[in-house]
Amino acid sequence: MLSWRGKFVVGLMVMAGASIAVPILPSSYDMSNGDGVVSGGSFNYWDLSYSGSGNTSLDNDFLSGGLGDLTDGIIASDNWNVVENIEGTGPYVGWRAGLNGDPQITFYFESSFIFNEITVYVDDSDGNGGVSLPDAVIINGVTYDVDETLAGSEPKSLTFSNLALTSDNIVIDLIASGDWVFASEITFDAEPVPEPVTLAVLGAGLLGFIRRKNQA
């Protein structure tokens, strides 16, 4: 049976390790705008709702300091040719990687977090219109290959788990396997980074409590 001292220490250990990963929203993201008719597309696949700087109606223009389609909570359930339009208001952001290069998106957060899981929602049209799953996704310099044989031609969610990645920014590169790569949303599950100062204060308080108890 644990003594009162043992019970107190175990309780402190449980509290210190009790953080649970939850969905978090970035404060902003930077990237090149999606492409469209000018780049050879049937429609315009811009991040038209983007709130930061940059021209959201111009192919490949650099966007900075805002949020938009990739974090608005809208996940496309149909292929690009069903939900996109000439006005550029569809749920996807689409990049013609074969012409303008693979897209890189940098997400910024208010503070450092421990990122456990990241999900990228992409279109998988099996090459229809040159749109396919990305060949790979690079997260903060680490390459994760994508299984392009995933069944069906409906949109897919690519989930990368057990990352244990501590940072206040996440850089994601979508490496295209065809001419175009499309994404409708990117989500993050993370937990706060433990604060050593807080734990040290708790430890000092515990030590003082034990000493007072022993002197009683």
Side-chain angles (χ1 to χ4, degrees), residues 1-31 47 49-52 65-77 91-93 103-124 133-134 136-147 150 154-175 183-210 213:
M1 181 176 179
L2 286 174
S3 67
W4 68 267
R5 184 182 303 178
K7 290 179 181 176
F8 195 90
V9 172
V10 170
L12 178 60
M13 290 174 63
V14 171
M15 286 190 295
S19 294
I20 299 175
V22 297
I24 62 170
L25 188 69
S27 56
S28 67
Y29 62 81
D30 297 350
M31 68 176 193
D47 194 346
S49 70
Y50 190 78
S51 61
L67 295 172
D69 288 355
L70 298 183
T71 55
D72 62 2
I74 299 174
I75 298 170
S77 57
Y92 287 108
V93 179
Q104 180 180 87
I105 311 130
T106 302
F107 294 88
Y108 299 96
F109 298 83
E110 294 293 348
S111 61
S112 288
F113 289 88
I114 302 172
F115 291 89
N116 296 319
E117 186 172 284
I118 296 173
T119 300
V120 183
Y121 295 87
V122 294
D123 195 11
D124 178 16
L133 282 175
V137 175
I138 303 175
I139 301 175
N140 279 25
V142 178
T143 300
Y144 299 88
D145 293 327
V146 174
D147 182 5
L150 291 171
E154 70 281 354
K156 301 291 192 302
S157 59
L158 307 177
T159 298
F160 307 93
S161 303
N162 303 314
L163 299 175
L165 178 61
T166 302
S167 182
D168 62 359
N169 67 85
I170 297 292
V171 181
I172 294 179
D173 296 87
L174 302 178
I175 308 303
S184 66
E185 192 81 2
I186 299 178
T187 62
F188 305 86
D189 281 6
E191 59 187 88
V193 176
E195 299 181 17
V197 173
T198 301
L199 294 179
V201 170
L202 285 174
L206 172 61
L207 182 58
F209 179 80
I210 292 172
K213 189 71 177 179

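All figures in this text were calculated on a predicted structure; none of them were measured in a lab.
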Problem - Partner set under side chain to side chain donor-acceptor pair (under 3.5 Å) for S28, not counting sequence neighbours - result: none
Practice task
Using side-chain contact (heavy atoms from CB on, under 4.5 Å) as the criterion, list what pairs up with A183, not counting sequence neighbours.
Solution key: L70, W95, V122, L174
Fill in the blank from the handout: Applying side-chain contact (heavy atoms from CB on, under 4.5 Å) to D147 and not counting sequence neighbours gives T149, L150
Exercise for the section: Tell me, please, which residues at least two apart from D30 pass side-chain contact (heavy atoms from CB on, under 4.5 Å). Expected result: Y50, F62, S64, Y108
Exercise for the section: Check ring-ring contact (aromatic ring centres under 6.0 Å, His included) between F160 and all other residues, then give those that pass, not counting sequence neighbours. Expected result: Y144
Handout entry: Shortest non-hydrogen contact between A164 and I114, atoms and distance
Key = CA-CG2, 4.2 Å
Exercise for the section: Search all heavy atoms of V193 against all heavy atoms of S112 and return the closest pair with its distance. Expected result: CG2-O, 3.5 Å
Problem - For D173, all residues meeting salt bridge (Lys or Arg N to Asp or Glu O under 4.0 Å), sequence neighbours excluded - result: none
Exercise for the section: Could you tell me which residues satisfy side chain to side chain donor-acceptor pair (under 3.5 Å) with S161, sequence neighbours excluded, listed by chain and number? Expected result: E117
Exercise for the section: Could you give me the CA-CA distance, side-chain angles and deciding distance for D69 and I74, then say whether side chain to side chain contact (heavy atoms under 4.5 Å, CB included) is met? Expected result: CA-CA 7 Å; D69 288 355; I74 299 174; over 6 Å; no
Practice task
Could you tell me which residues satisfy side-chain contact (heavy atoms from CB on, under 4.5 Å) with S51, sequence neighbours excluded, listed by chain and number?
Solution key: L67
Practice task
Quick one: list whatever passes side chain to side chain donor-acceptor pair (under 3.5 Å) with D124, sequence neighbours left out.
Solution key: K156
Handout entry: Pairing residues for T143 by the side chain to side chain donor-acceptor pair (under 3.5 Å) criterion, not counting sequence neighbours
Key = none
Handout entry: N140 and V171, any side-chain heavy atoms less than 4.5 Å apart
Key = yes
Practice task
For side chain to side chain contact (heavy atoms under 4.5 Å, CB included), just list the numbers for F107 and T71, CA-CA rounded to whole Å, side-chain angles, deciding distance to a tenth of an Å, and then say yes or no.
Solution key: CA-CA 10 Å; F107 294 88; T71 55; 4.1 Å; yes
